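Worth saying up front: this structure is predicted, and the values here are computed from it rather than measured.
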Amino acid sequence: MNFEPLLSAAWQVRENAHAPYSRFSVGAALLAEDGRIFTGCNVENLSFGLTVCAERAAVFAAVAAGAKRFRALAVVSDSREPVSPCGACRQVLAEFCEELPIRTTNLQGEEFEACLSVLLPRARAGILGA
C-alpha cells in the first residue's frame, strides 16, 4: 500500500484544523475503494465533547459524497509520538470496514502502522449482534 498520497493530503488538511483549546492539530486522509481521497481535520468546540476528530470528519465527508468502502487511512498530528485513532473514531471506521490499514505520523516523521481489526477487535460483535 502506497501511503504517500494519503499522508500528503493529511499534512495539507491538518493546516485547516480548528484547535484553539488543545493546540493539537490533526489531519486525516481516507482512501475510498474507488480511488477517491477524502480528508478531514479536527474541529474543536469550547464544549469539548462536541469536538470532531479528523478521522471522523474524513469518514463523514466520504459518506456524504457516497463512498462507504475504504482501503486505507493516514493520520498526521503534531504529537510527540504518532497518535492512534481514538475509540470513537475506531468504532465509526469499523462501521464501514474491519481490515483497514492505518498509518499515523507526527511532525518528526515517526510512524505507527496497524490494522483497524487489531486496534478494535470484535468491533462488529456489538450489543445488537451485528
Side-chain angles (χ1 to χ4, degrees):
M1 171 75 222
N2 180 10
F3 275 94
E4 290 313 311
L6 289 176
L7 288 168
S8 177
W11 277 108
Q12 282 185 309
V13 75
R14 181 189 156 278
E15 295 299 319
N16 298 331
H18 177 72
Y21 308 108
S22 72
R23 306 221 187 284
F24 182 68
S25 298
V26 181
L30 185 63
L31 178 62
E33 191 173 69
D34 64 8
R36 291 182 289 169
I37 295 175
F38 296 93
T39 61
C41 59
N42 57 319
V43 180
E44 291 181 353
N45 188 279
L46 183 60
S47 176
F48 222 69
L50 300 178
T51 294
V52 175
C53 297
E55 299 92 327
R56 281 182 284 148
V59 170
F60 300 159
V63 171
K68 295 183 182 175
R69 297 180 59 105
F70 307 112
R71 295 185 5 215
L73 173 71
V75 180
V76 173
S77 65
D78 53 1
S79 55
R80 191 175 329 162
E81 302 222 0
V83 297
S84 180
C86 74
C89 289
R90 292 175 191 192
Q91 191 63 56
V92 167
L93 288 163
E95 180 72 17
F96 301 98
C97 50
E98 290 182 57
E99 295 302 320
L100 183 72
I102 300 170
R103 180 175 295 172
T104 68
T105 188
N106 62 8
L107 297 181
Q108 293 76 34
E110 298 169 15
E111 295 183 343
F112 169 78
E113 189 170 335
C115 185
L116 181 60
S117 63
V118 171
L119 296 175
L120 186 64
R122 298 178 38 85
R124 303 213 35 100
I127 61 170
L128 300 178

State, to 0.1 Å, how close [X] and [Y] come at their nearest heavy-atom pair, and which atoms those are.
{"X": "Gly35", "Y": "Arg71", "answer": "N-NH1, 4.4 Å"}
{"X": "Glu44", "Y": "Thr51", "answer": "CA-OG1, 3.3 Å"}
{"X": "Gly66", "Y": "Arg36", "answer": "C-NH2, 4.2 Å"}
{"X": "Gln108", "Y": "Ser79", "answer": "OE1-O, 3.5 Å"}

Do any side-chain atoms of residues 9-19 form donor-acceptor pairs under 3.5 angstrom with protein atoms, and if so which ones, sequence neighbours left out?
from	atom 1	to	atom 2	distance (Å)
Arg14	NE	Ser25	O	3.4
Arg14	NH2	Asp78	OD2	3.4

If you group Ile, Leu, Val, Met, Phe, Trp and Tyr by side-chain heavy-atom gaps below 4.5 Å, do [X] and [Y] land in one group?
{"X": "Val75", "Y": "Val92", "result": "yes"}
{"X": "Val63", "Y": "Val43", "result": "no"}
{"X": "Val83", "Y": "Val59", "result": "yes"}
{"X": "Leu100", "Y": "Met1", "result": "no"}

- Spacing of Cys86 atom SG and Gln91 atom CD [to the nearest 0.5 Å]: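 With rounding to 0.5 Å, SG (Cys86) is 11.0 Å from CD (Gln91).
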I'd like to know if the side chain of [X] reaches the main chain of [Y], judged simply by a donor and an acceptor atom lying under 3.5 Å from each other, with no hydrogens or angles considered.
{"X": "Arg90", "Y": "Leu119", "value": "yes"}
{"X": "Asp34", "Y": "Ala67", "value": "no"}
{"X": "Thr105", "Y": "Glu110", "value": "yes"}

Report the residues that fulfil side-chain hydrogen bond (donor to acceptor under 3.5 Å, both in side chains) with [X], sequence neighbours left out, ordered by chain and then residue number.
{"X": "Glu33", "answer": "Arg69"}
{"X": "Glu98", "answer": "none"}
{"X": "Thr104", "answer": "none"}

- Using the side-chain contact (heavy atoms from CB on, under 4.5 Å) rule, pick out the option among Leu73, Leu31, Val76 that qualifies with Leu6.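 Exactly one candidate clears the test, Leu31.
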- Query: Between Asn2 and Glu4, does any side-chain donor sit less than 3.5 Å from a side-chain acceptor?
  - Reply: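 Per modelled atom types, Asn2 and Glu4 side chains form no pair under 3.5 Å.
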Which pairs would a plain distance check flag for residues 111-118, meaning a side-chain donor or acceptor within less than 3.5 Å of a matching protein atom at least two apart in sequence or in another chain?
from	atom 1	to	atom 2	distance (Å)
Glu113	OE1	Arg103	NE	2.9
Glu113	OE1	Arg103	NH2	2.7
Ser117	OG	Glu99	OE1	3.2
Ser117	OG	Glu99	OE2	3.1

- Do Phe70 and Leu93 have side-chain heavy atoms sitting under 4.5 Å apart?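 Of all side-chain heavy-atom pairs linking Leu93 with Phe70, none is under 4.5 Å.
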- Query: Do other residues, nucleotides or ligands put more than 12 heavy atoms under 6.0 Å from Glu81 CD?
  - Reply: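 At most 12 heavy atoms, drawn from other residues, nucleotides or ligands, come within 6.0 Å of this atom.
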- Query: For Tyr21, which fellow cluster members are found when Ile, Leu, Val, Met, Phe, Trp and Tyr are connected by side-chain heavy-atom distances below 4.5 angstrom, either directly or through intermediates?
  - Reply: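 Leu46, Phe48, which link up through side-chain heavy atoms under 4.5 Å apart, make up the rest of the cluster.
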